[in-house]
Amino acid sequence: MKRRPECAEHESEGSSDQSIGRGDCSAEVGSSPGGLSNGTLHAMAKPPILTPQAEDFPRWYQDILTKAQLAENGPVRGTMVIRPYAYAIWERMVAEVDARIKAAGAENAYFPLFIPESYLKKEAQHVEGFSPELAIVTHGGGKELDEPVVVRPTSETVIGEYMSKWIQSYRDLPLLLNQWANVVRWELRPRLFLRTSEFLWQEGHCAHATEDDAASYAARILHEVYEEFMVNVLAIPVFTGRKIPQERFAGATNTLTCEAMMRDGKALQMGTSHELGQNFARAFDIGYQDEHGERQLCWTTSWGVSTRMMGGLIMAHGDDAGLRVPPRVAAVQAVVLVVKDEDGSVTQVARDLLDGLTESGVRCRLDAQVATGFGRRATDWELKGVPLRIEVGPRDLGEGRVVIARRDTGEKVPCELGELNIRAAAILEEMQLGMLEQSRSDRDARTFDVSSIAEAREAASTGFARIPWAALADGGIDQLAKEAITVRCLQSAEGGLAQSDDEPGAVALVARSY
RNA sequence: CGGGACGUGGCGCAGCUUGGUAGCGCACCUGCUUUGGGAGCAGGGGGUCGAGAGUUCAAAUCUCUCCGUCCCGACCA
């Protein structure tokens, strides 16, 4: 079993100079490719902007939330205020996921925030699973309510009630619904984006005629919507697999998951897709008449991704200089930064460049706040993870060029004015792929195939372990649980989704997790 | 909810042991000089010291209770 040094390793490998001006990286400092800065050695004396990841990852996470102005706690414990910059990224996620959901045939609708308590109680496992985390409204209009109202922790129940009305015939199937909403699950230990009492998400709810249809749709959403989005837009590779019974959604017969590795080696469940069997169909009488006039019960599914993905984005890509947002989700893909301007002429050129970039489809913003020093602004944009910084100063313009600085590698390259639009678009594309490759190789380097529990424990101290499911058969899960290691999912021997809880040859992916 | 740490301007902290009514760095505001990697100088604004109660002539400081935050566990998207 091979081992790699702790954390943040790829910052010190290769010729990356993303450490310019920062105190967190000792080697490679003087190598600014553009040859444009010379103060880097002095800059090393400055304290790091963020607590370095290797020193204290949770603190790094807190720091970045604050300093990149992403989110903060709301006044009620567990609630979250999402600041504009982070919300803009969330909106990009929503747009991308929504398009894929629609491509998979589901339609958006909206169901109420308040659910009669009695609905929750209709499905035994569902109530049991959720009752500890419910927020329940007992008063309204100044009076005690006859029946308490639950703030939705998820909407299987209300939606089930309406599906039951809307579905009469096999011709009404499949019924593929989705809603974007907020939900509330009272959390004991909240953590911004990762686990908040109120969060934003998308919840799909579908009814199918057969178990096979339901199963294949749940898997289709997992792969074609979630995995595809995470890999190609968020540039986060994920392991997909089947949850073990203990980790299943309350009321599901099968839960599928996308598990990603964060830069501290812990796993984050980024999305789930559930087969609900006929549990909710039975509880809410979701049924139809088939071709032969026989009454049949539907098979339902539900699936969701949430603002937790923001936490995943931050922890999968962020480095000691801040966030790194892959171009396809970046709300701001490029910032045109005026280095210095004495008579307004540089800013004018910057505006023109901005217009050109905008026309060629790059989401960009102007930073002409020359009252604030260049270094300060450069650092701030790095903190926010904007993929490209286009530096425009009098010196450049004298030579008819600008400098493009990449957030992923820290590299700076000069670019002729006339080529900016094409170059920027090309670099963004390259960065998108590069970030995915980097995440994938980092993850793979920390994912170990092991055969014993002792090895799994060892591997999970820095990353993931893949262990034969059979090796955890008697007491293995409990043994690992003592070290806070859990089974993230089961995969088949070939790497696909395990088809059952006791599939022969299945492999368990185990890790510490969020 | 169990174990640990901690709550002092927006952020990070000192002051608490030996009570005497608040300070530092960053950030912020104004002006000038600056601007190619976290600017400098000068001036300025902002805190009933997490909340409540108690002890005391006097509480950031001592006592109790509560609340909140962070880490570790049980629970979860």
Side-chain angles (χ1 to χ4, degrees), chain A residues 17-23 29 32 34-49 51 56-59 61-63 66-67 69 72-73 75-78 129-133 153-154 183 185-197 199-203 226 243 246-250 255 257-259 268-274 302-309 311-312 321 337-342 346 369-383 389 391-396 402-403 405 410 412 414 481-484 486 512-514:
Chain A
D17 77 331
Q18 61 180 260
S19 56
I20 287 179
R22 272 165 247 132
V29 180
S32 171
L36 296 167
S37 69
N38 58 4
T40 54
L41 292 173
H42 313 94
M44 284 186 56
K46 288 180 180 137
I49 291 172
T51 302
D56 185 344
F57 197 84
R59 185 131 185 217
Y61 185 73
Q62 282 294 126
D63 283 355
T66 304
K67 298 200 176 164
Q69 303 183 333
E72 50 198 83
N73 288 314
V76 172
R77 183 184 158 79
F130 279 109
S131 49
E133 10 180 7
T154 176
V183 285
R185 297 178 186 179
W186 218 255
E187 285 294 344
L188 302 176
R189 200 179 142 198
R191 219 162 175 321
L192 289 174
F193 288 123
L194 301 174
R195 199 186 303 103
T196 48
S197 287
F199 57 91
L200 305 182
W201 77 345
Q202 145 282 311
E203 48 179 325
Y226 297 160
K243 283 292 187 187
Q246 301 88 304
E247 304 259 335
R248 241 175 237 157
F249 174 77
T255 288
T257 179
C258 292
E259 299 283 330
L268 180 70
Q269 179 176 305
M270 299 267 289
T272 49
S273 185
H274 316 287
S302 69
W303 28 277
V305 292
S306 71
T307 36
R308 173 179 272 188
M309 289 193 298
L337 189 152
V338 175
V339 175
K340 169 181 173 174
D341 193 4
E342 303 205 315
V346 182
Q369 302 206 286
V370 289
T372 302
F374 165 81
R376 175 48 179 279
R377 290 178 292 142
T379 308
D380 280 350
W381 289 113
E382 277 168 2
L383 204 45
R389 189 176 61 245
E391 302 175 1
V392 190
R395 206 185 293 166
D396 294 310
V402 294
V403 170
K412 286 189 181 188
K482 284 182 193 139
E483 316 273 323
T486 52
R512 292 169 303 139
S513 73
Y514 280 99

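Just so it is clear: chains get the letters A, B, ... in the order the sequence lines come, proteins before strands, and each one is counted from 1.
The partner of B:C26 is B:G10, judged by Watson-Crick or G-U wobble contacts that both fall below 3.5 Å.
B:A59 sits 11 Å from B:U21 when the P atoms are compared, rounded to a whole Å. Distance check on atom C1': B:G9 versus B:A14 gives 14 Å, rounded to whole Å. On the P atoms, B:C24 is 13 Å away from B:G45, given to the nearest whole Å.
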Check: protein-nucleotides 28-35 of chain B nitrogen or oxygen pairs below 3.5 Å:
residue, atom, partner, partner atom, Å
B:U35, O2', A:Val339, O, 3.2
B:U35, O2, A:Val370, O, 2.9
B:U35, N3, A:Val370, O, 3.0

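Atom CZ in A:Arg389 sits roughly 8 Å away from atom C1' in B:G37 (whole-Å rounding).
Contact annotation for A:Tyr226: no contact, since no heavy-atom pair falls under 4.0 Å across all strands. Within the 4.0 angstrom heavy-atom criterion, base atoms lie near A:Thr196.
In this structure a side-chain-to-backbone donor-acceptor pair under 3.5 Å is present from A:Ser197 to A:Glu187.
Between B:C75 and A:Arg185, no contact under 4.0 Å exists linking OP1 or OP2 to a side-chain N or O.
Annotation: of the two residues near RNA chain B, A:Asn73 and A:Ser513, the 5′-most nearest-nucleotide partner is A:Asn73. Each of A:Ala405 and A:Trp201 was assigned the nucleotide of RNA chain B with the nearest heavy atom; the assignment lying further toward the 5' end belongs to A:Ala405.
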